[in-house]
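Below is one structure, written out as C-alpha cells; comments come after it.
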Amino acid sequence: SILYSANTMGGVINVVRGQIPMALIGHRHGSVGMQVESVNSGLSGGGTVYGSTGKWAYKGDLSLRGAGSIRTPDGRLPNTDMNTVHTSVGLSHIRNGTVLGGSLNAMASEYGIPGDFVGAHPKGVRIRMRRYQSDLKWEKTPESGFFRRIEHQLSGSWYFHEEVEYSMLRMSYDILGTDFINRSLKLNAFWHHNEWGAAKHGQWGYSADITRLTVGGFTFTPPANEQGFAVFGFEDVHIGTWILQISGRMDVRAVVPDQERDARIGRIRNRTFVAPSGGVRWFRPFGGGMEAGVGLMRTVRVPSIKELYSEG
C-alpha cells in the first residue's frame, strides 16, 4: 500500500476499469444491458464494445441512468430524483511487448437530497457534478533483463461540483450554496524487477502531481495549488523458510495559496511537508494458509488545501 499512498495502513483498493486496452484480441466483443426500477420509476442502460485491428486495440462504453423521486408508503419523497451519464473511449498501439495507449472519459450527474427534516434545508438541495479525465499510458515488458515490466502513466482531470438550494421567491433551485473546481495532473512510474539474489520480486517508482482548487459560494477556502513528489520501493526477500518484506516511501508536498494573508483561522501561508513512511514484515509460512511473524509500519497523512485554509 505504501507504493500508492503515505497514509494507508491496512491496504488499498486498486480499481482497474480497463479504459486503456492492454492486449490484442481475436475478434470484436460487445455487450448491452438495461435495468428498470419500480421504487423510483428508474431506467438505466449501457453498452460496451472492444476489439482490435492489426496492432491497434480499442474500447468504448456508454452508460445512462434516470430515476424519479423515491416512492414510500407515505407517498413520493420529493427531490430524490437523479440523472447520470458516463462515456469513455480508449485506444492503444501494441507491438513487441510494448503498449502505448490513451483514454478519454466524461461524466455528468445531477441528483437531489431531500429536505424537511431537522437540520436540513426546507426543500433540500440539488447536487450537480461534471468530470472530464484523460489518461496516457506506456508499458514495456522486456523479454529479458533485470526489469520484467516498466510502466508510466500520465492522468489529467477536471472536476466541477455545485450545490444549490431552493428559492421560495422564484420557486426553483437557483441559490448557490457552494461550488468548486478541482484540476489535477499526475504522473506515476513503476519498475517491476525479476528475481535478484534473495529478492524474489520487487518494484520501485516515483509519482508527481499538481492540483489546483478554486472554491465559490458560501464555502470560504482561498484558491490554492498543491504539488507533490514521491519516491517509493518494495522488496520481497526470501531467507531460508522466512520471508522479509520491506517498503519505503518519501513524500514532499507543498501547498501554496494564491495570496498570503492573516485570517480568523490564523495566517494563510505557504506550507511544505516532508513525510517519510514505510514498513517491514518478517514472517514464516507454515502451509494451509497459516503463518507467524511480526510487522512494523509508519504512515503519514499530510493535510489538504481545505483542511489548511478553510474558513467555514
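All residue numbers refer to positions in the sequence shown, counting from 1.
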*Any donor and acceptor pair, going by atom type alone, linking the side chain of S184 with main-chain N or O of W158 inside 3.5 Å?*
no
*Considering all heavy atoms of both residues, which atom of S92 and which atom of G101 are nearest to each other, and what is their separation?*
OG-CA, 3.6 Å
*Side-chain hydrophobic cluster, 4.5 Å single linkage: members besides L91*: W56, Y58
*Would I127 end up clustered with M82 when hydrophobic side chains under 4.5 Å apart are linked, directly or stepwise?*
yes
*What residues form a salt bridge (charged side-chain N to carboxylate O under 4.0 Å, His left out) with R131, not counting sequence neighbours?*
none
*Checking side chain to side chain contact (heavy atoms under 4.5 Å, CB included) for the pair V39/T72: CA distance, chi angles, key distance, verdict?*
CA-CA 8 Å; V39 70; T72 75; over 6 Å; no
*Which residue pairs pass the side chain to side chain donor-acceptor pair (under 3.5 Å) test when at least one of the two sits in residues 93-103, sequence neighbours left out?*
T98-K140
_Joint hydrophobic cluster, F234 plus V237, side-chain heavy atoms closer than 4.5 Å_ = no
*Shortest non-hydrogen separation from V255 to Y309 and the atoms involved*: O-OH, 3.3 Å
_Main-chain N/O of E162 paired to R128 side chain as donor or acceptor, under 3.5 Å_ = no
_Residues that D81 engages under salt bridge (charged side-chain N to carboxylate O under 4.0 Å, His left out), provided they are two or more places apart_ = R126
*Non-neighbouring partners of F229 that pass ring-ring contact (aromatic ring centres under 6.0 Å, His included), sequence neighbours left out*: none
*How many angstroms lie between atom OG of S277 and atom CZ of R249, to the nearest 0.5 angstrom?*
6.0 Å
*Nearest-0.5 Å distance, OG of residue S247 to CZ of residue R298*: 12.5 Å
_Any donor-acceptor N or O pair under 3.5 Å, side chains Q133, D135_ = yes
_Working to the nearest 0.5 angstrom, can you tell me the gap between M107 CE and S109 OG?_
6.0 Å
*asked:* Please tell me whether Y159 and Y132 are part of a single hydrophobic cluster in this structure, the criterion being side-chain heavy atoms less than 4.5 Å apart.
replied: no
_E226, R183, K306 screened by side-chain contact (heavy atoms from CB on, under 4.5 Å) with L213, the one that passes_ = K306
*Shortest non-hydrogen contact from F286 to E291?*
CD1-CA, 3.9 Å
_As an exercise, state the distance from CG of L136 to CG of L100, rounded to the nearest 0.5 Å._
6.0 Å
*Measuring from H161:NE2 to I181:CD1, what's the distance to the nearest 0.5 Å?*
12.5 Å
*Answer yes or no: is there a donor N or O on one side and an acceptor on the other, between the side chain of S52 and the main chain of I25, under 3.5 Å?*
yes
*Check the angle between the aromatic planes of W204 and F146 and answer parallel, tilted or perpendicular using the 30° and 60° thresholds.*
tilted
*Only one of R148, R149, E151 clears side-chain contact (heavy atoms from CB on, under 4.5 Å) with T141; which?*
R149
*By ring-ring contact (aromatic ring centres under 6.0 Å, His included), which residues pair with H152, not counting sequence neighbours?*
W138, W191
*Indicate if L308 and V302 have the same hydrophobic cluster label, given that clusters are the connected sets of ILVMFWY residues with side-chain heavy-atom separations under 4.5 angstrom.*
yes
*asked:* Just to verify, what does K55 make a salt bridge (charged side-chain N to carboxylate O under 4.0 Å, His left out) with, not counting sequence neighbours?
replied: none
*How close do N83 and G66 get, heavy atom to heavy atom, and via which atoms?*
OD1-CA, 3.6 Å
*So which heavy atom on A263 is nearest to which on I268, and how close?*
CB-CD1, 3.9 Å
_Taking Q245's backbone N and O only, do any of them form a donor-acceptor pair with D236's side chain (distance below 3.5 Å, no angle check)?_
no
_Heavy-atom side-chain proximity of P303 to R271 below 4.5 angstrom_ = no
*For the student: nearest non-hydrogen atoms of E235 and A199, plus distance*: OE1-CB, 3.5 Å
*Evaluate side chain to side chain contact (heavy atoms under 4.5 Å, CB included) for L77 paired with S69, printing each intermediate quantity in order.*
CA-CA 6 Å; L77 185 60; S69 292; 5.6 Å; no
*Pair listing, salt bridge (Lys or Arg N to Asp or Glu O under 4.0 Å) test, anchored in residues 203-220, at least two apart*: D209-R253, R212-D258
*Within the 6.0 Å centroid threshold, strictly below: F232 and F190*: yes
*With ILVMFWY side chains joined below 4.5 Å, transitively, what does V85's cluster contain besides itself?*
L62, L64
*asked:* Nearest 0.5 angstrom please: Q19 CD to N105 CG, how far?
replied: 4.5 Å
_W242 atom CH2, neighbour heavy-atom count above 12 within 6.0 Å_ = yes
*So which residues get pulled into L24's cluster when ILVMFWY side chains under 4.5 Å apart are joined, directly or through others?*
I20, M22, I94, V99
_Keeping T221 on the side-chain end and V215 on the backbone end, is there a donor-acceptor pair under 3.5 Å?_
no
*Residues forming a salt bridge (charged side-chain N to carboxylate O under 4.0 Å, His left out) with R65, sequence neighbours excluded*: E37
*Give a yes or no on whether the backbone of D174 and the side-chain of S167 come within a donor-acceptor separation of less than 3.5 Å.*
no
*Mind running side chain to side chain contact (heavy atoms under 4.5 Å, CB included) on Q227 and V252 for me, showing each step along the way?*
CA-CA 8 Å; Q227 299 118 22; V252 179; over 6 Å; no
_In one Ile/Leu/Val/Met/Phe/Trp/Tyr side-chain cluster, 4.5 Å: I243, M290_ = no
*Test side chain to side chain contact (heavy atoms under 4.5 Å, CB included) applied to D61 and H86, step by step*: CA-CA 8 Å; D61 64 66; H86 176 268; 3.8 Å; yes
*asked:* Which residues end up grouped with Y173 if you chain together Ile, Leu, Val, Met, Phe, Trp and Tyr wherever their side-chain heavy atoms are less than 4.5 Å apart?
replied: V164, Y166, M168, M171, L176
